[in-house]
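The structure appears right after this line, and notes come after that.
Side chains included, hydrogens not; waters and symmetry mates left out as well; all remaining heavy atoms used. Just so we're on the same page: letters track the sequence lines, and every chain starts at 1.
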Protein chains: 2
Amino acid sequence: MFELMGLPRMAGRIFGWLLISQPSHQSSGELAEVLQASKGSISSMTRLLIQIGLIERLPLPGDRRDFFQIKPHAWSQLHEQQLARITAFRKLSERGLDLVKTQSPQSQQRLREMHDYHAFWEKELPQVNQRWIEHQKERVRE
Amino acid sequence: MFELMGLPRMAGRIFGWLLISQPSHQSSGELAEVLQASKGSISSMTRLLIQIGLIERLPLPGDRRDFFQIKPHAWSQLHEQQLARITAFRKLSERGLDLVKTQSPQSQQRLREMHDYHAFWEKELPQVNQRWIEHQKERVRE
DNA sequence: CAATCAGTTCAGTGATTGCTGAACATTCCA
DNA sequence: TGGAATGTTCAGCAATCACTGAACTGATTG
């Protein structure tokens, strides 16, 4: 599934293990062993996962090793990325509209729709995220 | 930007041209020439874009050539795909939860959050899409 | 200080991908 | 029926990518 999202398989394997491992934090060494992967792979993939916002590094006092664990609210994080992409599309369509602004409104229509759609989502996405946060608060109270 | 979405660059180039070309429908030959690409490329990439739902084939009576044009509401289409991915994640987390159901609730928590988040979006996404459709209707009336 | 351990970097590999160009298939018209 | 025009399929190439393993860095401990 991570590959479908355009991420390396190894990133998915690490994330998958961290979803179910006990304890929830695991060292590079443990990851390398259980996943049968090289230290190099673990190093670069954990870096990637941290950058995306799905996991976090967890230094334990008195232990020289780095531990990794799934970041709470990792999933909201993922959709932040998506917001960035939507914004990029909105801006791209604006650049396009600017270039064809002298042409007939009819020929602008395709870009117009692209623009409006992304502008719409740019507004909606944070609201849905907000709703998720509240939805989650309720769950905790139960 | 298409490459960022995990699609081949050529698909993006075709889509980009169809966003601004006049007329809005273009034949394979025209696409191949303006984009300086091989007929084979055009053939496979238009097939891909049709499959994704971003463009459509437009047979003109009396013309042996196939024409392609951007599908109206192409963008909603894209987010249908995303809904499928969300559903897949929701199901995957359910499979996971089933496997660890005998363990402590605490150790299930990571999967639980993954599940709830995707179940939430699975419900929200169609609603937002509905709102987009209505939002668009208003625009037309103006 | 040396020795050890954890982690990073990077050259090298095998596999995959995107694209071309040529061969092939199909449709239409003379 | 031939032949021209249009589109598809596929072998092959170049570029890219994911991953390994080894060399390296840097921190900690005896």
Side-chain angles (χ1 to χ4, degrees), chain A residues 1-18 21 23-71 78 81, chain B residues 1-18 21 23-71 78 81:
Chain A
M1 298 221 34
F2 267 57
E3 282 182 321
L4 280 180
M5 296 165 43
L7 295 167
R9 160 181 304 216
M10 191 61 77
R13 299 222 293 141
I14 292 171
F15 190 78
W17 176 247
L18 288 176
S21 65
S24 60
H25 52 93
Q26 300 275 304
S27 72
S28 309
E30 287 165 334
L31 289 171
E33 204 200 319
V34 72
L35 300 175
Q36 286 295 314
S38 68
K39 285 197 300 171
S41 240
I42 302 298
S43 171
S44 54
M45 288 304 111
T46 48
R47 184 149 28 87
L48 175 67
L49 286 168
I50 286 168
Q51 192 234 312
I52 293 175
L54 282 180
I55 69 172
E56 60 192 2
R57 201 182 292 268
L58 182 79
L60 292 189
D63 199 320
R64 217 184 324 154
R65 289 170 295 172
D66 280 353
F67 287 86
F68 301 97
Q69 69 177 8
I70 297 216
K71 203 166 163 183
L78 254 192
Q81 270 200 305
Chain B
M1 299 223 33
F2 267 56
E3 281 184 321
L4 279 181
M5 298 167 41
L7 294 166
R9 160 182 302 216
M10 192 59 79
R13 298 222 294 142
I14 292 172
F15 189 78
W17 176 248
L18 287 176
S21 64
S24 59
H25 51 91
Q26 301 274 305
S27 72
S28 307
E30 287 166 332
L31 290 172
E33 204 199 320
V34 73
L35 300 176
Q36 287 296 312
S38 68
K39 285 197 300 171
S41 240
I42 302 297
S43 171
S44 54
M45 287 304 111
T46 49
R47 183 148 30 87
L48 174 67
L49 287 168
I50 287 169
Q51 192 234 311
I52 293 175
L54 282 180
I55 68 172
E56 60 191 3
R57 200 182 292 268
L58 183 78
L60 291 189
D63 199 320
R64 214 181 331 150
R65 289 171 296 173
D66 279 353
F67 287 87
F68 301 96
Q69 70 177 6
I70 298 219
K71 202 166 162 181
L78 253 193
Q81 268 200 307

Atom pair CZ (B/F68) and OG1 (B/T46), whose distance is rounded to the nearest 0.5 Å: 3.5 Å
Value for CD1 (B/I50) from CD1 (B/I55), rounded to nearest 0.5 Å, stands at 5.0 Å
Ignoring hydrogens and angles, are the base of C/dA6 and the side chain of A/R65 linked by a donor-acceptor pair under 3.5 Å? no
Quick one: the side chain of B/R64 and the base of C/dT27, do they pair up donor-acceptor inside 3.5 Å? yes
Reported CD-to-CE distance for the pair B/E3 and B/M10, which is rounded to 0.5 angstrom: 10.5 Å
NZ of B/K39 versus P of C/dA23: gap in Å, rounded? 12 Å
Over how many whole Å does the gap from A/M45 atom CE to C/dT8 atom P extend? 12 Å
To the side chain of B/P8, which of C/dG7, C/dG18, D/dC19 is closest? C/dG18
Phosphate oxygens OP1/OP2 of D/dT8: is one of them under 4.0 Å from a side-chain N or O of B/R57? yes
Mind checking if B/S41 touches a base, just sugar-phosphate, or nothing, with heavy atoms under 4.0 Å? base
Short side-chain N/O contact from A/S28 to OP1 or OP2 of C/dA6, under 4.0 Å: no
Nearest 0.5 Å, please: how far is CD1 in A/I52 from CG in A/L7? 4.5 Å
With A/Q69, which of A/Q26, A/E56, A/H25 fulfils side-chain hydrogen bond (donor to acceptor under 3.5 Å, both in side chains)? A/E56
Rounded to the Å, how far apart are B/M5 CE and C/dG18 C1'? 17 Å
Separation of D/dA5 atom C1' from B/E30 atom CD, nearest Å, is 14 Å
Is there a side-chain polar atom (N or O) of A/R47 under 4.0 Å from OP1 or OP2 of C/dT9? yes
Could you give the CG-to-C1' distance, from B/L48 to D/dT9, as a whole number of Å? 16 Å
If you assign each of B/G29 and A/I42 to its closest nucleotide in DNA chain D, which residue comes earlier from the 5' end? B/G29
What's the CZ-C1' distance between B/F67 and D/dA5, to the nearest Å? 13 Å
What does B/Q36 touch in the nucleic acid at a heavy-atom separation under 4.0 angstrom: a base, only the sugar-phosphate, or nothing? sugar-phosphate
Can you tell me the distance, in whole Å, between the CG atom of B/L31 and the P atom of C/dC19? 14 Å
Report the distance from atom CD of B/E3 to atom P of C/dT17, rounded to the nearest whole Å. 14 Å
